[in-house]
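Scroll down for the structure; my scribbles are underneath it.
Order of the sequence lines sets the chain letters (A, B, ...), proteins ahead of strands, with each chain counted from 1. Keep in mind that this is a model prediction, so the values were computed, not measured. Just the heavy atoms: all of them, side chains too, but no hydrogens, waters or symmetry mates, feed the values below.
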Protein chains: 2
Amino acid sequence: MTGHHEYQGQALTEAAKGALVNAGEQWTEMRAQIFDALAQAGGPASAYDVADAVSKNRGKRVAPNSVYRILDLFVANNIAKRVETQNAYIANAHPECVHDCIFLICQDCGGITHLDDDDLANSMRARAAGTGFRPDNPVMEVRGTCESCAA
Amino acid sequence: MTGHHEYQGQALTEAAKGALVNAGEQWTEMRAQIFDALAQAGGPASAYDVADAVSKNRGKRVAPNSVYRILDLFVANNIAKRVETQNAYIANAHPECVHDCIFLICQDCGGITHLDDDDLANSMRARAAGTGFRPDNPVMEVRGTCESCAA
DNA sequence: CAGTTCATGTAACACTATATCCTTCTGCGT
DNA sequence: ACGCAGAAGGATATAGTGTTACATGAACTG
């Protein structure tokens with residue numbers, strides 16, 4: 001399992017920074033703050049949640065579009081993921097591995113579990129490709145109830 | 001393949017009406033107009049697209065919330081589907097069969113292909129259930145390029 | 001130091017969705 | 001007929017999400 005490690009806290013920030021720098025992007029103060037806000041949310045956060053958090057932290061308002069720009073950059077570089085059905089973002093705990101990931105979204109508590117299942121993802125891609133479609137970005141998100149909420 | 005037929009045109013409207021009435025819901029003029037607008041769009045349409053179309057057809061403005069109400073009802077009764085990643089709706093061509101459906105979304109032309117693959121859907125549900133999660137509504141949508149646009 | 005490029009700021013706008021309260025219509029029982 | 005209850009839809013406001021266009025600033029490069 002070389003290369004697949006789940007980071008947290010400071011190590012996560014470092015991993016994210018490494019990934020961005022490695023891709024030839026800059027790790028600016030603004031980007032660091034946005035990533036931290038996302039990581040500290042500990043769950044899905046909307047762009048506006050992040051904007052509010054960062055605005056408060058630095059005492060100066062950040063405009064939504066700045067946040068969107070940076071979140072898009074994060075997603076493009078795999079240090080964050082977008083949860084499509086929730087209009088939300090989460091920090092990616094293992095930026096080194098590229099997966100079509102699966103999100104389990106609890107409709108009770110709002111919590112999100114992140115799975116990677118390449119078999120399933122590949123089946124999905126194959127099924128699409130079988131119809132002549134060229135798959136690019138499979139979105140696999142399951143709404144339901146998490147174990148603790150189901151009790 | 002009893003019960004699985006793809007309707008179109010007037011037959012589709014009739015099938016939708018049948019399904020709603022069968023579920024104890026009313027088939028009102030407003031609902032008919034909204035369904036027709038959706039069916040005639042021939043592809044994914046946002047609630048606001050539908051609102052505009054219906055507003056124009058009858059010369060009186062329909063408010064968004066009315067459209068949302070009715071589209072939600074349609075989705076609940078399986079005569080329309082919501083494409084989560086596009087904030088859009090499409091008429092369901094075979095309202096009798098209930099599937100966790102898969103959408104192939106062309107990022108070029110905006111067209112959507114609708115697949116039903118119960119094996120894949122069940123794998124997805126099973127994979128989620130295996131972690132203790134209680135799956136309710138799997139969302140499976142693949143962004144990419146359709147055959148004609150890929151050429 | 002001018003020219004270029006990239007990051008961020010500012011402001012306005014467009015799109016998506018929901019909340020609240022109200023009116024109308026319809027069916028139903030007496 | 002009357003009055004009631006419930007469902008459908010209308011009116012208005014507001015919340016939440018996302019984008020566009022343009023300006024500024026900071027850093028690198030010749």
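- Of the charged side-chain nitrogens involved, at least one lies within less than 4.0 Å of a carboxylate oxygen, so that B:R127 and A:D117 count as a salt-bridged pair.
- A sub-4.0 Å separation between OP1 or OP2 of C:dT16 and a side-chain N or O of A:N87 is absent.
- For residues 58-73 of chain B, proximity to DNA chain C is found at B:N65, B:Y68, defined as any non-hydrogen atom under 4.0 angstrom from a strand atom.
- Only B:S46, B:Y48, listed by number, bring a heavy atom of residues 27-54 of chain B to less than 4.0 angstrom from any atom of DNA chain C.
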Decide yes or no on side-chain contact (heavy atoms from CB on, under 4.5 Å) for A:I34 and A:F74, but give the supporting numbers first.
CA-CA 10 Å; A:I34 287 186; A:F74 287 177; 3.9 Å; yes
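- Contact annotation: the side chain of B:C109 never approaches that of B:S148 to less than 4.5 Å [non-hydrogen atoms, C-beta and beyond].
- Listed here is the closest heavy atom pair of B:T131 and A:E147: O-OE1, 3.6 Å.
- Counting only N and O atoms by type, the side chains of B:T145 and A:D136 include no donor and acceptor under 3.5 Å apart.
- Nearest approach of B:R82 to B:Y89, heavy atoms of both residues: NH1-OH, 3.1 Å.
- A:S55 contributes a side-chain N or O that, together with a main-chain N or O of A:A51, makes up a donor-acceptor pair within less than 3.5 Å.
- A:Q86 comes within 4.0 angstrom of nothing in the nucleic acid, heavy atoms only.
- In the hydrophobic clustering of ILVMFWY residues, with side-chain heavy atoms under 4.5 Å counting as a link, B:V83 and A:F103 come out apart.
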